[in-house]
Engineer: 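First the structure, then my questions, so here it is.
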Amino acid sequence: LRKWTFILFVILFGFELFGSQNTTIDSLINEGNNIETDTARIEFYIDQAWNYMLPNNRVTEKLLQEIELINQSREIKYKPDVVIYYYGVLNRRLGDFEKAISYYKQYFHYAEKDTSYRKMANVQLAMSNLYYDHAYYDSSMVAANHALRIYDSSGDTLNYCKSLRKVGNIMRKMGRYDSALDYLNQCIEKSTEANIDSEVAEAYNDKGIVYEKLNIVDSMFHYYYAYYDYSIETNMVSAQVYANYNLSVAFQEVAEYDKALHFANGAYSTATDINDVEMIKYSKILQGVLKIKTGELEDGILMLETLLSDNLGLDGNLQVFENLSIAYEEVGRYKDALKAGRKHKVYADSTVNLEIQQQIAELETQFDSKQKAKEIELLNAQNNVMMLELENADTQKLYFLIGLLALSAIVFLLLWSNRLSKRNQTILTEKKRIVEESLLEKKSLLQEIHHRVKNNLQIISSLLSLQSRQLSDPVALEAIKDGRNRVKSMALIHQNLYEDDNLVGVDMAEYINRLAKSLIFNYKMDNLEIKLETDIDNIKMSIDQIIPLGLILNELITNSLKYAFSEKNSGLISIKLQEIDDLITLEVLDNGIGLPLGFSIDQYDSLGFKLINSFTRKLNAKFEIGSPQEGTLIKIQIPQQNAA
Amino acid sequence: MQHESTQIRVLIVEDEPLIADDIKEYLTNVDYCVSAIAYDKSDALEALEQTNPDIAILDINLGNNLDGFLIAEEINKKYRIPFLYLTSYSSSNVIDQAKVTRPQGYIVKPFDEADLFSSLEIALYNHAQINKPQIFTKELINEKIHANLTEKEFEILNDLYDGKTNKQMAENHFVSVNTIKTHVQKIYDKLDTHTRSETIAKVRSFLS
């Protein structure tokens, strides 16, 4: 069936080219079919697929498909990872970036499963190259770094150096030339240590490219020549191709076209030696362009025209048509010049586009780095802000602290003054308490004195009372009764004084009423009714005045009770006490028989009047006998001493 | 002694002997019987226990202590007889302390005999009236006792409730004091009592 398919294929398309391919595939598959075991057959196909990878992609693809067919009939697939990897390489060759990356990623998973670090690193490096070719420098960098780490830890110095160089080149592509040189220098250092000359040389070449970008011509030539020397010394033709090519480009840049042409020729011959199709092509372009530049217009035009059927790539076409246009014009082939010019413009536009794309990529990376820088700046700014805030907080803390100190000082002062005033207050309170206590003590002492006085007066009264019970003489009994009443009138003063809280004076109205009622009660006689009338101003007098006054009053009332009403069965005693202009006037009036005519207190020889006389003198008072219509009126005027 | 118990028996609590003697003489003169004179608290409590007074006259200040109040409390708790204060204290703080002990009277020294007498009489009367049963008939009393009270004796019993002295009763009933004393003694015999207070308490227990 397969044979028929191929035959049909050939008939339908009728391409000779495919015819030869098909024969190759058929013969290979036939050869494989003769191998007995599946695994051996697959091994054979794998070898052949790799061999045909560069010269004939179709054969490789076909062989890989054949391997898959064999594996489908097997329970356990044989070397599926290798097949995947080859597909990846194949798709890269075919220019299918997406598929290639996808295959590489699949292969990485196989490698991961097998924990084969070498394979993992290799495929990462392959991915890095693929990204690199398509200007995905960020992804390329990630992959290269991944490979770098694995090679470093697994001690694979050669590949570690290659990875370092790769990272350096990516850095160059990203425009970070300093970092690029750092990585390349690391590579040179490492590979010199390990005597890997090839890597040293490659790193020199890469450094040359960096210096070319940096327009540092001396360094550029130095490293390009170093690479060139190395390639000659080691007789490594593939390196010689690039060394020649790079030097040619370098001399072209500095407009030394003869030297440039010399190295372009070298590049072409070496490339031809190793049959490097790509480099042959690029070398030819360079040769043609340089011939035109050096004036060999016809040769140049011929050379470039032979290239037109080839796929030169954008850059190649641009150079070819630009130089052809110039050369045609020079030789007078204006029509061709115009054509070439137009083509050049088309490619230039594309180039511009590509350049723009590259610029965009560069700008993006720059933007990224700028953004990162900005982010860093922002972070720094934030840090600064934080620092400032901290400083500010410190300042605030300081202010707060100062405020706190000031506040505590104020509080302390307030407390201090409060304490002082409190202490003063305490002292005052204490003093007040002492004063109050002593006052209370004084008061209770006074009360006690009055109590004792009264008790003593009671004892006197009881003495007289006891004595009177021993007597039968009515005169003697009367005398003792008078005595007891005098004692009582004094006791009443103490009682009233005693009941008064402020102890200053005696309520005269209260005292006089009590005294009079008591006397009336004591001297009451059957069939005699005595009425008492009092009109007493609320005067407070000192005890020194009250005792004589009380005794005077006692005598006057007693006198009236004893003598005034002897011929009556009812009587009235009226007592008045008034204070008018510092003069206290006491009036005792009865409606009795009245005093005998010509009565004089001095002449009347009775104890009662003697007492009245002496107490009146004591009070500096004036004694007056009034003359009412009936009865007796006694008036005593006492000058009010400054009360106390 | 028999006759003395028919009189109103007064306990005098007074730390000043002279004053106590004066009171005793006076009370005896007006037909009271002084059951005892006590000069301090322990004397007073002993006298209360042993001399069956009908009423007590208490000095508040006994040897610098206000023991009069404590004696009053003891009377209220155990003896339930009326009492008066006779004191030289007349300050409000002492009166405040005094009144919560519910005295039947408060006499301030120096006192008149008249003051003392009237206070005693009122005190006894009030006390008896408070303790007099609401329904107070001779028949009810006679239901409780063996030997019945005569009409005269019931009248005298009423006078006992009024706090009358023998002398007063004699005047009221136009008989001699001795006759009254005999009547009172007969009442005591029939009720099996020994003092006026005891008699009053017993009759109350019959009729309540």
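Chain letters run A, B, ... following the sequence lines, proteins first and then strands; every chain starts at 1.
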Engineer: Given B:D112 and A:R484, is the salt bridge (Lys or Arg N to Asp or Glu O under 4.0 Å) satisfied, shown in steps?
Structural biologist: CA-CA 9 Å; B:D112 286 321; A:R484 284 188 70 194; 5.4 Å; no
Engineer: Which distance, rounded to the nearest 0.5 Å, do you find between the CD of B:E16 and the OG of A:S462?
Structural biologist: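 Result: 8.5 Å between the selected atoms.
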Engineer: Counting heavy atoms not belonging to B:K138, are there more than 12 under 6.0 Å from its NZ?
Structural biologist: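 Check passes, neighbour count above 12.
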Engineer: Taking atom NZ of B:K190 as the centre, does the number of heavy atoms from other residues, nucleotides or ligands within less than 6.0 Å exceed 12?
Structural biologist: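 Count over threshold, so yes.
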Engineer: Does NZ belonging to B:K186 count more than 12 external heavy atoms closer than 6.0 Å?
Structural biologist: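 No, the 6.0 Å shell around NZ holds no more than 12 heavy atoms from other groups.
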Engineer: Would you compute the distance between atom OG of A:S465 and atom CD1 of B:I23 and round it to the nearest 0.5 angstrom?
Structural biologist: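 So the OG of A:S465 and the CD1 of B:I23 are separated by 9.5 Å.
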Engineer: Could you pull out the closest heavy-atom pair between A:I459 and B:L18, with the gap in Å?
Structural biologist: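 Closest approach of A:I459 to B:L18: O-CD2, 3.4 Å.
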Engineer: Can you establish whether the number of heavy atoms outside A:R433 located under 6.0 Å from its atom CZ is more than 12?
Structural biologist: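 Check passes, neighbour count above 12.
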Engineer: Which atom pair, heavy atoms only, marks the closest approach of A:N455 to B:I19?
Structural biologist: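 A:N455 and B:I19 have their closest heavy atoms at O-CD1, 4.2 Å.
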Engineer: Should we count CD of A:E529 as having more than 12 external heavy atoms under 6.0 Å?
Structural biologist: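 At most 12 heavy atoms, drawn from other residues, nucleotides or ligands, come within 6.0 Å of this atom.
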Engineer: Below 4.5 Å from any heavy atom of chain B, which atoms of A:I460 appear? Answer side chain, backbone, both or neither.
Structural biologist: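 A:I460 has no heavy atom closer than 4.5 Å to chain B.
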Engineer: What's the shortest heavy-atom distance between A:K454 and B:S88, and which atoms?
Structural biologist: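 So the two residues come closest at NZ-O, 2.8 Å.
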Engineer: Does A:Q458 offer a backbone N or O that forms a donor-acceptor pair with the side chain of B:K109 under 3.5 Å?
Structural biologist: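 Not a single qualifying donor-acceptor pair exists.
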Engineer: Within a radius of less than 6.0 Å around OH of B:Y125, do more than 12 heavy atoms belonging to other residues, nucleotides or ligands occur?
Structural biologist: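 No, the 6.0 Å shell around OH holds no more than 12 heavy atoms from other groups.
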